[in-house]
There are 2 protein chains.
Amino acid sequence: MGHSLLASFQRDGRRVTRPRKAILAVLERTRHPMSVSEIHTSLTRGKIAVDLVTVYRTLSVFKQLGMVSRVEFQEGQFRYELCQGRAHHHHIRCRGCGHIADLMLCPLKKVLAMVERETRFLVEDHSLEFIGWCPQCR
Amino acid sequence: MGHSLLASFQRDGRRVTRPRKAILAVLERTRHPMSVSEIHTSLTRGKIAVDLVTVYRTLSVFKQLGMVSRVEFQEGQFRYELCQGRAHHHHIRCRGCGHIADLMLCPLKKVLAMVERETRFLVEDHSLEFIGWCPQCR
DNA sequence: CTCTATGCAAATAATTTGCAAGCAC
DNA sequence: GTGCTTGCAAATTATTTGCATAGAG
């Protein structure tokens, strides 16, 4: 095994399989949120045959277990990145080259209580993404 | 004409047509961001025959002219709402019933400069949506 | 009359579902 | 061996594109 994430995975009654290990490996070696097709392409390039549908299903399971978080940038598709102990954070994506950078902060901590008070909703989640131009493209 | 939005529309060399008037009317009488299919269904219910593709194309034009803004709530689809003089704002959507409420604030004004400084990106846009449970569903 | 906008068909793209066979444990 | 997983085919859903015709100005 040798992998803490897969260990907790197994504890959950799930099975550790070749596709799951491979998808996890791709996510681990990439430091930005990846789309499903990017992950699949990466696997294919690495001569690892995993069906696209399996990538979808695996990410769905990873998400249920809280192993990955899902983000979107008004692209019409979702992206996934490993949580693995990283603090809650947000991103900025370049309109030009598509490069995604992390923001090491979440400026919303203080806002949540205000939102709940104003709307009477119980806030469960939020999405915050920035779009702009990176140093190379601006 | 009798419609300031369509007036500015016409000034742009665009044509004022039955489908465009109808779609605008739907957006005006609805106070939350609508999906394309919701708009189309609303037209159909009102006995107004407009092709779904026309709804897509019309919203695309409205967006280019800055008449509508596009938002998404991790649903796998986009929603549109009229800007018409309304201040920039964000939303919260209920996991239970799908109800969307406006937030009358954007807590990010002060954050933008910090994001630009931290990332060296030029920030052009941002999306911020909350997801939770409304008073009825919580 | 000219040129944009629309409807209809069809293509793309993202994601989901059904089911028999494969494989982790 | 048992039941969760996978691959493959096919269905769904969201969105876009091509093209001939309709209609706004």
Side-chain angles (χ1 to χ4, degrees), chain A residues 1-3 5-26 33-44 47-65 67-68 70-80 98, chain B residues 1-3 5-26 33-44 47-65 67-68 70-80 98:
Chain A
M1 173 81 30
H3 204 299
L5 278 177
L6 288 176
S8 65
F9 196 74
Q10 203 165 26
R11 218 175 295 130
D12 211 73
R14 314 272 176 166
R15 290 180 181 173
V16 176
T17 64
R18 186 186 59 91
R20 288 173 177 178
K21 279 190 258 186
I23 292 166
L24 189 54
V26 168
M34 298 181 83
S35 69
V36 175
S37 64
E38 279 176 356
I39 294 168
H40 185 246
T41 300
S42 172
L43 291 167
T44 304
K47 313 287 185 205
I48 302 175
V50 173
D51 196 86
L52 180 63
V53 174
T54 299
V55 180
Y56 274 103
R57 283 194 275 226
T58 299
L59 290 170
S60 169
V61 173
F62 283 4
K63 179 155 193 300
Q64 280 172 47
L65 298 183
M67 291 169 57
V68 299
R70 194 174 75 166
V71 297
E72 58 180 352
F73 293 90
Q74 301 255 97
E75 296 175 290
Q77 70 178 359
F78 294 110
R79 291 177 174 276
Y80 298 83
Chain B
M1 172 83 26
H3 206 300
L5 278 175
L6 288 176
S8 65
F9 197 74
Q10 203 166 25
R11 219 175 293 128
D12 212 73
R14 314 272 177 165
R15 291 180 180 172
V16 176
T17 65
R18 186 186 59 92
R20 286 174 178 178
K21 280 189 258 187
I23 291 166
L24 190 53
V26 169
M34 298 182 83
S35 70
V36 175
S37 63
E38 279 176 356
I39 294 169
H40 185 246
T41 299
S42 172
L43 290 168
T44 304
K47 313 288 188 203
I48 301 175
V50 173
D51 196 88
L52 180 63
V53 174
T54 299
V55 180
Y56 273 103
R57 284 194 274 227
T58 299
L59 290 170
S60 169
V61 173
F62 283 4
K63 179 154 193 300
Q64 280 172 45
L65 299 182
M67 292 168 56
V68 299
R70 194 174 75 166
V71 297
E72 59 180 352
F73 292 90
Q74 301 254 98
E75 295 175 289
Q77 69 178 359
F78 293 111
R79 290 177 176 276
Y80 298 83

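A, B, ... follow the sequence lines: proteins, then strands. Residue 1 opens every chain. Given the structure is predicted, the values throughout are model-derived calculations rather than measurements.
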Rounding to an integer number of Å, can you tell me how far [X] [atom1] sits from [N] [atom2]?
X	N	atom1	atom2	answer
A:Glu38	C:dT15	CD	P	12 Å
B:Phe78	C:dA13	CZ	P	15 Å
B:Phe62	C:dA5	CZ	C1'	12 Å
A:Glu72	D:dA14	CD	C1'	13 Å
B:Gln74	D:dA14	CD	P	16 Å
A:Asp51	C:dA14	CG	P	16 Å
A:Glu75	D:dT15	CD	P	14 Å
B:Ile48	C:dG7	CD1	P	12 Å

Review point. Pick the nucleotide of DNA chain C nearest each of B:Gly13 and B:Arg57; which residue has the one closer to the 5' end?
Key: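 In this pair, the answer is B:Gly13.
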Kindly compute the distance separating [atom1] ([X]) from [atom2] ([Y]), expressed to the nearest 0.5 Å.
X	Y	atom1	atom2	answer
B:Arg70	B:Arg79	CZ	CZ	13.5 Å
B:Tyr80	B:Glu38	OH	CD	12.5 Å
B:Thr54	B:Arg20	OG1	CZ	9.0 Å

Point to revise | hbond_proxy A:Arg14 side chain to D:dC4 base (donor-acceptor, 3.5 Å cutoff) | key: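 Such a pair does not exist between side chain and base.
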Review point. Looking at C:dG7, does its base get a donor-acceptor pair with the side chain of B:Arg18 below 3.5 Å?
Key: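 Flag unset: no donor-acceptor pair detected.
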Practice item. Output the single nucleotide from D:dT15, C:dT15, D:dT6 whose closest atom is nearest the side chain of A:Gln77. Key: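 Comparing D:dT15, C:dT15, D:dT6 against the side chain of A:Gln77, the answer is C:dT15.
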Check your understanding: So which nucleotide from D:dG7, D:dA24, C:dA24 ends up closest to the side chain of B:Arg15?
Key ->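 So the side chain of B:Arg15 is nearest to D:dA24.
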Check your understanding: Taking C-beta and beyond as the side chain, do A:Val53 and A:Arg57 meet within less than 4.5 Å on heavy atoms?
Key ->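 Yes, close enough: below the 4.5 Å cut-off.
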Review point. Do B:Ile39 and B:Leu59 come close enough that some side-chain heavy atom pair is under 4.5 Å?
Key: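 Sidechains of B:Leu59 and B:Ile39: in contact.
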Practice item. Would you classify B:Val61 as touching base, sugar-phosphate or nothing, given that sugar-phosphate means primed atoms plus P, OP1 and OP2, and contacts are heavy atoms under 4.0 Å? Key: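 If one applies the 4.0 Å heavy-atom cut-off, B:Val61 turns out to touch nothing in the nucleic acid.
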Exercise for review: For A:Gly76, answer base if it contacts any base atom (sugar-phosphate contacts may also be present), sugar-phosphate if it contacts only those atoms, and nothing otherwise; contact means non-hydrogen atoms under 4.0 Å.
Suggested key: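 Sugar-phosphate, backbone atoms only, no base.
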Practice item. Tell me which of B:Leu52 and B:Thr17 sits closer to the 5' end of DNA chain D, going by the nucleotide each one is nearest to. Key: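 Its nearest nucleotide lies further toward 5', so the answer is B:Leu52.
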Practice item. Could you tell me whether the phosphate oxygens of D:dT15, OP1 or OP2, come under 4.0 Å of any side-chain nitrogen or oxygen in B:Tyr56? Key: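 The answer is yes; a side-chain N or O of B:Tyr56 sits under 4.0 Å from OP1 or OP2.
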